[in-house]
There are 4 protein chains.
Amino acid sequence: MRKTPRQARSREMVERIVAAGREVLVTDGYDAFSTNRVAAAAGISPGSLYQYFPDKAAILDVVIDRYTEQTADRVAAAMADRMGGAGLDVVRDIVDALVSALEADRALLHVVAEQLPLARSKARREALEQRVRGLASTYLIARPEHSRRPVPAVSTWVTVLAIENLATRWVLDQPDITRDQLLDEIVAMVSGYLLS
Amino acid sequence: MRKTPRQARSREMVERIVAAGREVLVTDGYDAFSTNRVAAAAGISPGSLYQYFPDKAAILDVVIDRYTEQTADRVAAAMADRMGGAGLDVVRDIVDALVSALEADRALLHVVAEQLPLARSKARREALEQRVRGLASTYLIARPEHSRRPVPAVSTWVTVLAIENLATRWVLDQPDITRDQLLDEIVAMVSGYLLS
Amino acid sequence: MRKTPRQARSREMVERIVAAGREVLVTDGYDAFSTNRVAAAAGISPGSLYQYFPDKAAILDVVIDRYTEQTADRVAAAMADRMGGAGLDVVRDIVDALVSALEADRALLHVVAEQLPLARSKARREALEQRVRGLASTYLIARPEHSRRPVPAVSTWVTVLAIENLATRWVLDQPDITRDQLLDEIVAMVSGYLLS
Amino acid sequence: MRKTPRQARSREMVERIVAAGREVLVTDGYDAFSTNRVAAAAGISPGSLYQYFPDKAAILDVVIDRYTEQTADRVAAAMADRMGGAGLDVVRDIVDALVSALEADRALLHVVAEQLPLARSKARREALEQRVRGLASTYLIARPEHSRRPVPAVSTWVTVLAIENLATRWVLDQPDITRDQLLDEIVAMVSGYLLS
DNA sequence: CATGAATGAGGGTTCATTCAT
DNA sequence: GATGAATGAACCCTCATTCAT
């Protein structure tokens, strides 16, 4: 009677390595993300990494993937939840969810957004943006009274990008702006924009 | 009779190295930005770099500085030029100037925005943003009828960040949006926001 | 009721591993001859190899042994068969048998002769040569009229070595020489030599 | 006044590395021929190797080339010297020169012939053989009375290969055969062969 | 016996930096 | 100042071997 079947053990190690990778990234930064360091953090030998990942880049990819997916899931969940609400509240709730998601792992966000060559996470982020744009479009099409902008694809592109960036920068740079102010302003911006 | 006093010669070399660094970045990408490569591109020996820069990072910093300053100057000039204009046109003209400035060296923008660890250019970019925010604030204070937002510092933070990001992404990602559309949308967003 | 006593099972596994080793050698070359690869080819786990062989070298040794023995057996058989024949035909037949034996597994010959450190197969090859020299000496002593050379041990050393090398190189390098030409020349060389 | 112009210093280092490579090969064998070991033997740091050689293989190649060329030169010189002599003496002298050349660095011959994957030195050796065959052909064409063999290209192939191999093995294996015996036998073999 | 995950020393190579010339 | 050869720590990765299961 095996407590941990092979498959599960393997998953466990992958998780351990990914966690170690995340830790190294957060603690020591991207430049210190070496295979030796990750292995040490995972409490295994360097060679063992290669039983679970083809190379160093693959480890990093999974760490970033995990993070991106997690963030995306939270936002998507909030969007799905709130889509039914009244116009302005919807925006506010979604942005709130996004900010919360970004705040959930500010340390890693810091590394991902500021230390990583952006190219490495670009594909993932664009997938996320695509996903969000899809949801937003659906919403806007369903409630045309919420937007007077002529080309929905363009408005969603603009909106999603602006929100994403403002939220990210707010979380990272912690400017002298309260969370409520931020939400107010973003709501004002989005509604002012869509209805202008 | 020295034609080029030491100071001047030194400046010349710094420029040459910076130009070489820029070239390497644009031609070969950030990963190829090695001291050897930069020295070769500058036509000097690797050791000589260290007479003008303390280390490799310092070279990169100046390359980015140059780029940022140059971009900032163009935008600031446009802002100074147009500040007198009518409300909406001012925004449009400034954004137009920003997009032009970003397009002026798309190759380097690509490297700076997507290959470099963002942190490296962060300080410089924030200086630029600060500068722009200053101008914008002055403007808004001078013409209070253009904004109904309660906290000018917050509105400028939001506005500047949103514009910067949208312009950058538009230049880099070349989405299926015309330049005029982009300007229209940004103007709509900003004016809708400030007046809501 | 055990069908395969331990001893037999063990022999079976050794054979399987040796066969796998041979296969790896022939298919992927000496550089790919890793314990992992051999184990995979044998359908067993890397660790199991060490139940049958003390280390990687030992596997290779046996693979080469098998090959050498096999080749030796064919040649020895031919020699035993033809020893009774007339002088020149004997040589021709033996060389013919040798060439055939070498051609039988040209792929492995290629690896053994050109990729392996020669030292690894040296002992085995010398054993073979010894065996052939023994047969040849016996023959020459029995028929002294076939050789005018003063020291039989020397003549056999020379003859065996020359024949072995010429046959091997002919098979491997496939020079622009027909098989009959090769045999003719070797016969001419040996008879010319022994009778001079 | 520079004692050692750049070019010369560079050559010096190359020589030093090649010598170190040779030393490692001879002292520790092919398996120990690692860049670290070669660098240590050369008294330089591992990184310095790469200022003079693109990779490890290139070092090895030059070591072998040096050896092969040196050997080839000696033999070619002897051939050029003796070509004018009387038939049998020519052969004897050339073989003598070959044996001397091989004996000159028996330690390295040992490594090159027995530890290296033959493929690595094959091209070089074939070039040497080609060169010798060329000389031999010229000779045989000039003095047709020295050979009754029908196809000169074939006879030279056979002769050169046989001599090379016998000489090499004699030097390496040091069988119980005197040098004079060896020369006698080879002369007997070659003359017996060519005139049969 | 069989397994195969884990090991870890060692491999080849790069490159920011130094320093004797 | 200028040079560029030399450095050497650190990089990523491999694979023969072991040992807990």
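Just so it is clear: chains get the letters A, B, ... in the order the sequence lines come, proteins before strands, and each one is counted from 1.
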What nucleic acid atoms does A/S34 come within less than 4.0 Å of, heavy atoms only: base, sugar-phosphate, or nothing?
-> sugar-phosphate
Is B/F53 touching bases, backbone alone, or none of the nucleic acid, heavy atoms closer than 4.0 Å?
-> nothing
Assert: residue with more 5' nearest nucleotide on DNA chain E, out of B/P54 and A/R16, is A/R16
Of D/A32 and C/Q51, whose closest DNA chain E nucleotide lies nearer the 5' terminus?
-> C/Q51
Donor-acceptor pair, A/R22 side chain versus A/V63 backbone, under 3.5 Å?
-> no
Could you pick out which residue, D/P46 or C/T35, lies toward the 5' side of DNA chain F when each is mapped onto its nearest nucleotide?
-> D/P46
Residue mapping more 5' on DNA chain F - nearest nucleotide basis, D/G43 or B/S45 = B/S45
Given the rule that a pair is Watson-Crick or G-U wobble with both distances under 3.5 Å, how would you write DNA chain F in dot-bracket, using | for pairs to a different strand?
-> .||||||||||||||||||||
Choosing from [options], which nucleotide comes nearest the side chain of [X]?
X	options	result
A/K56	F/dT3, E/dA2, F/dC12	F/dC12
A/I44	E/dT3, E/dT7, F/dC13	E/dT7
B/S48	E/dC15, E/dT17, F/dA2	F/dA2

Under-4.0 Å side-chain N/O to phosphate OP1/OP2 contact, C/Y50 with E/dA2 | no
NZ/NE/NH1/NH2 to OD/OE distance under 4.0 Å, C/E15 and C/R11 = yes
With sequence neighbours excluded, tell me which residues meet side chain to side chain donor-acceptor pair (under 3.5 Å) with A/D55.
-> none
Atom OH of B/Y52 to atom C1' of E/dT17: distance rounded to whole Å?
-> 17 Å
